[in-house]
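All values below were derived from every heavy atom in this structure, side-chain atoms included, with hydrogens, water molecules and symmetry-related copies excluded. Everything numeric here is computed off the predicted structure, so don't read it as measured data.
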Amino acid sequence: MIANPHTKYQAFQSIKLKKRQWPNNTISAPPIWMSTDLRDGNQALIDPMSIQTKLKFFKALVAIGFKQIEVGFPSASEIDFNFVRLLIEDKHIPEDVTIEVLVQARFDLIEKTVESLRGAKQAILHMYNPVAPAFRQIVYKTDKAGVKKIATQGTQWVKQLTANAPEVNWTYQYSPEVFSSTEIRFAKEVCDAVVEVWQPSADNKIIINLPATVEMNTPNTYADQIEWMHTHLKQRQHIILSVHPHNDRGTAVAAAELALMAGADRVEGCLFGNGERTGNVDLVTLAMNLYTQGIHPELDFSNIDQTRKLVEECNQLPVHPRHPYAGELVFTAFSGSHQDAIKKGLAVQQQDGLWNVPYLPIDPADLGRNYDAVVRVNSQSGKGGVSFLLDRAAGLQLPRRLQIEFSRIVQTVNDKTGKESHANAIVELFEQEYFKQDTPVEFISSQFSTLTDGQQSIDIQFNYQSKKQKVSGIGNGPIDAAANALSQLVKQPVEVVDYHEHSIGSGSDVSAVCYIELKVGEHSASFGVAKDSNIMIAAVKALVGGVNRKVGAVSPS
């Protein structure tokens with residue numbers, strides 16, 4: 001990088017739009033969508049798609065709901081020509097879908113393009129020519145009049161040649177290529193001249209497509225350009241105003257949204273933003289942004305994983321795991337504070353209420369995603385994530401202080417391994433730490449009885465040092481009696497600090513889970529946890545397990 005980039009790069013000169021309206025506008029309906037995955041997206045691939053792959057992709061785009069699909073550049077590629085013929089001759093195009101093809105402003109290329117579309121019910125013929133200063137000076141070595149003549153002459157040829165195929169319901173689309181860096185008044189002049197040649201009507205509108213072939217500045221400057229064209233083009237009532245944002249500055253989605261606010265009717269782009277250089281605008285993100293604002297995009301991404309896998313297969317390009325809405329990790333929280341907020345939000349979210357879960361702008365279920373991947377645990381995670389996974393994977397609803405206690409155990413393991421702990425591993429660790437605490441005292445059975453004064457008595461059978469033994473206790477209730485019995489066993493007072501229980505399973509498989517926070521002598525409080533089909537046995541097991549966790553060796557009486 002050079003020390004003074006201004007000596008090499010010129011700042012973009014934005015237009016002076018004194019009374020811009022778009023900042024006060026909102027998007028209230030989806031645009032006309034046009035997928036260019038099979039043309040612009042295909043041209044950007046190291047290995048372009050085969051005919052069969054393109055057909056598979058085409059059918060997927062139709063299933064998603066696209067009504068306009070750019071299928072190729074038939075004058076430039078025999079594969080594209082043959083693909084267009086396959087779509088038409090084998091009747092793969094639904095009645096409500098219009099295919100589009102691209103062509104340069106040359107008579108022979110337009111002629112071949114029209115030939116490729118013969119027999120289609122309806123088609124969009126999209127012609128373009130660059131009009132920006134760099135192209136006029138470097139590529140064409142001509143002036144404004146020269147590139148304007150290319151546009152109007154090409155349009156005249158399109159009009160002449162499409163008239164020879166009256167069986168097709170033709171729509172004409174014109175793009176002043178590199179519109180984003182073209183003088184705005186000259187861009188209008190060229191577009192007005194093209195519209196004058198084509199002579200559109202209310203029943204046969206022309207598409208004027210204004211591509212940000214190279215993103216030149218912040219998205220607001222593109223919106224200014226679109227609003228100026230929207231308000232200054234002649235015969236605007238007969239024009240479908242389209243935008244084709246590229247992503248050179250990484251702001252194509254924002255540019256498209258602001259362009260819609262500025263008066264655009266239609267958006268061209270690719271699923272997940274594939275396209276030349278840094279790509280086209282990402283139609284998935286754009287559509288789902290509308291959805292999260294309560295506007296159905298009229299595109300179906302209810303199985304986003306399937307869509308992502310299809311695109312990755314056809315394009316041979318991975319979708320980033322952090323890609324908005326579709327990435328493997330976009331609904332995943334590792335941070336402890338995030339996990340805690342998500343856990344609490346999901347706990348109170350009403351099934352038919354407005355979605356209001358912290359950190360999740362959309363319900364993953366709407367995209368066919370489950371909640372298993374929402375929270376994942378590593379060394380950055382806290383009690384919320386660990387308890388969320390235990391609840392989801394094993395139905396265990398840990399009280400708050402146990403969440404804190406066990407999350408420290410998980411974090412210790414993660415710090416040692418440096419890796420993520422998956423739900424199954426966390427469940428196994430919990431079971432090992434709590435359910436399987438059977439040494440040095442191995443619980444066998446217990447028996448309660450009520451004394452004449454109303455107190456509870458308990459006999460606990462257990463194994464210790466390979467011998468079956470018994471200890472007894474009396475208390476105000478069953479748990480108090482069990483704690484007193486265990487106090488005799490360990491020769492230290494066992495005090496119950498807190499108690500929680502819940503059931504898991506259903507029908508004949510239902511079990512009770514008991515969480516008992518206890519203190520043994522001078523030891524700090526910690527938990528014992530157990531489950532059993534009998535709630536009282538579960539409580540005694542939890543007490544025994546808690547004592548085992550605190551006392552390494554006992555001396556039974």
**Asked** Which residue pairs satisfy the ring-ring contact (aromatic ring centres under 6.0 Å, His included) criterion with at least one member in residues 35-67, sequence neighbours excluded?
**Response** none
**Request:** Sequence neighbours left out, what passes side-chain contact (heavy atoms from CB on, under 4.5 Å) with S77? Give chain and number order.
**Result:** I79, D80
**Prompt:** So R400 and D498, side-chain contact (heavy atoms from CB on, under 4.5 Å) or not? Walk me through it.
**Reply:** CA-CA 11 Å; R400 177 176 173 79; D498 202 1; over 6 Å; no
**Message:** If you define the side chain from C-beta out and look only at heavy atoms, does anything of Q349 sit under 4.5 Å from L360?
**Reply:** no
**Message:** To the nearest 0.5 Å, what is the distance between NZ on K416 and CG on N414?
**Reply:** 11.5 Å
**Message:** I'd like to know if the side chain of N247 and the backbone of A252 have a donor-acceptor N/O pair within less than 3.5 Å.
**Reply:** yes
**Item:** Pairwise distance CD(E70) to CG(L38) - rounded to 0.5 angstrom
**Value:** 9.0 Å
**Asked** Just by modelled atom types, is the G368 backbone N or O under 3.5 Å from a matching donor or acceptor in the N303 side chain?
**Response** no
**Prompt:** Any sub-3.5 Å donor-acceptor pair from R249's side-chain atoms to N217's backbone N or O?
**Reply:** yes
**Asked** Do V547 and V441 pass the side-chain contact (heavy atoms from CB on, under 4.5 Å) test, and can you show the C-alpha distance, the side-chain angles, and the key distance before you say yes or no?
**Response** CA-CA 9 Å; V547 168; V441 179; 5.7 Å; no
**Message:** Can you tell me how far apart CD1 (I99) and CZ (F83) are? Round to the nearest 0.5 Å.
**Reply:** 8.5 Å
**Under 3.5 Å donor-acceptor, S180 side chain and V214 backbone** = yes
**Exercise: identify the closest heavy-atom pair between G269 and N280** = CA-CB, 4.1 Å
**Request:** For side-chain hydrogen bond (donor to acceptor under 3.5 Å, both in side chains), just list the numbers for N476 and Q455, CA-CA rounded to whole Å, side-chain angles, deciding distance to a tenth of an Å, and then say yes or no.
**Result:** CA-CA 5 Å; N476 294 326; Q455 288 193 305; 3.3 Å; yes
**Under 3.5 Å: donor-acceptor pair, side chain of T36, backbone of R39** = no
**Message:** Under a plain distance cut-off of 3.5 Å, with no hydrogens placed, do Q316 and D47 share a side-chain donor-acceptor pair?
**Reply:** no
**Asked** So, do V330 and Y325 sit near enough that their side-chain heavy atoms are less than 4.5 Å apart?
**Response** no
**Message:** Just checking R408: does its CZ atom have more than 12 heavy atoms from other residues, nucleotides or ligands closer to it than 6.0 angstrom?
**Reply:** no
**Prompt:** From Q447 CD over to S457 OG, what is the distance, rounded to the nearest 0.5 angstrom?
**Reply:** 9.0 Å
**Prompt:** Taking side chain as C-beta onward, heavy atoms only, is V496 less than 4.5 Å from D480?
**Reply:** no
**Asked** Does H500 have any ring pair (Phe, Tyr, Trp, His ring centres under 6.0 Å) partners at least two apart in sequence or in another chain, and if so, which?
**Response** none
**Request:** Could I get the full list of side-chain contact (heavy atoms from CB on, under 4.5 Å) partners for I535, not counting sequence neighbours?
**Result:** Y499, E501, A512, C514
**Minimum side-chain heavy-atom gap I342-L346 below 4.5 Å** = yes
**Asked** Is the backbone of S445 close enough, under 3.5 Å, to the side chain of Q461 for a donor and an acceptor to pair up by distance?
**Response** no
**Request:** Answer yes or no: is there a donor N or O on one side and an acceptor on the other, between the side chain of K470 and the main chain of D459, under 3.5 Å?
**Result:** no
**Asked** With sequence neighbours left out, which residue pairs that include part of residues 57-68 fulfil the side-chain hydrogen bond (donor to acceptor under 3.5 Å, both in side chains) condition?
**Response** K67-D96, Q68-R266
**Message:** Enumerate the ring-ring contact (aromatic ring centres under 6.0 Å, His included) contacts for residues 501-542, please, sequence neighbours excluded, ordered by first and then second residue.
**Reply:** H502-Y515
**Request:** Check whether any side-chain heavy atom of I474 sits under 4.5 Å from a side-chain heavy atom of Q456, and report yes or no.
**Result:** no
For residues 424-435, tabulate all N or O donor-acceptor pairs below 3.5 Å that involve a side-chain atom, not counting sequence neighbours.
from: E433; atom 1: OE2; to: R549; atom 2: NE; distance (Å): 3.2
from: E433; atom 1: OE2; to: R549; atom 2: NH2; distance (Å): 2.9
from: Y434; atom 1: OH; to: E405; atom 2: OE2; distance (Å): 2.6

Using atom types as modelled, flag every donor-acceptor pair under 3.5 Å from a side chain in residues 27-35 to any protein atom, sequence neighbours excluded.
from: W33; atom 1: NE1; to: P297; atom 2: O; distance (Å): 2.8
from: S35; atom 1: OG; to: D37; atom 2: N; distance (Å): 3.3
from: S35; atom 1: OG; to: D37; atom 2: OD2; distance (Å): 2.6

**Prompt:** Does the side chain of D282 come within less than 4.5 Å of H323's, by heavy atoms?
**Reply:** yes
**Heavy atoms from other residues, nucleotides or ligands near CD of E312 exceed 12 (cutoff 6.0 Å)** = yes
**Prompt:** Mind checking whether Y222 and T251 have side chains closer than 4.5 Å, heavy atoms only?
**Reply:** no
**Item:** Non-hydrogen atoms of V471 and A485 that approach each other most closely
**Value:** CG2-O, 3.2 Å
**Prompt:** Can you find a side-chain donor-acceptor pair between Q469 and N463 that sits under 3.5 Å?
**Reply:** no
**Message:** Around atom CD of E298, are there more than 12 heavy atoms from other residues, nucleotides or ligands closer than 6.0 Å?
**Reply:** no
**Request:** Taking side-chain contact (heavy atoms from CB on, under 4.5 Å) as the test, write out the residues that go with A60, two or more places apart.
**Result:** L310
**Asked** Quick one: does N42's side chain have a donor or acceptor within less than 3.5 Å of a partner on M49's backbone?
**Response** yes
**Request:** List the atom of A326, the atom of F272, and the distance in Å for their closest heavy-atom pair.
**Result:** CB-CE2, 3.3 Å
**Asked** Do you know the tightest heavy-atom contact between D248 and E215?
**Response** OD1-N, 3.0 Å
**Request:** State whether the side chain of N25 and the backbone N or O of M261 hold a donor-acceptor pair below 3.5 Å, judged by distance alone.
**Result:** yes
**Message:** Does anything in residues 527-544 form a side-chain hydrogen bond (donor to acceptor under 3.5 Å, both in side chains)? List the pairs, not counting sequence neighbours.
**Reply:** D532-K541
**Item:** Heavy-atom side-chain proximity of D90 to L55 below 4.5 angstrom
**Value:** no
**Fill in**
Separation between OG (S526) and CG (L518), nearest 0.5 Å, reads 5.5 Å
**Request:** Can you establish whether the number of heavy atoms outside I2 located under 6.0 Å from its atom CD1 is more than 12?
**Result:** yes
**Asked** Should M288 and L367 be marked as a side-chain contact (heavy atoms from CB on, under 4.5 Å) after you check the CA-CA gap, both sets of side-chain angles, and the distance that decides it?
**Response** CA-CA 10 Å; M288 295 316 304; L367 298 175; 3.5 Å; yes
**Request:** Please report the closest heavy-atom contact between L283 and E268, naming both atoms and the distance.
**Result:** CD2-C, 4.3 Å
**Fill in**
Nearest heavy-atom approach of L286 to A256 is CD2-CB, 3.9 Å
**Request:** Rounded to the nearest 0.5 Å, what's the gap from CG on D363 to CD on Q351? Could you check?
**Result:** 10.0 Å
**Item:** CD1 (I46) with more than 12 external heavy atoms under 6.0 Å
**Value:** no
**Request:** Kindly write out the residues that satisfy salt bridge (Lys or Arg N to Asp or Glu O under 4.0 Å) with D305, not counting sequence neighbours, or none if the list is empty.
**Result:** R308, R369
**Asked** For A44, what residues pass the side-chain contact (heavy atoms from CB on, under 4.5 Å) criterion, not counting sequence neighbours?
**Response** N274, E276
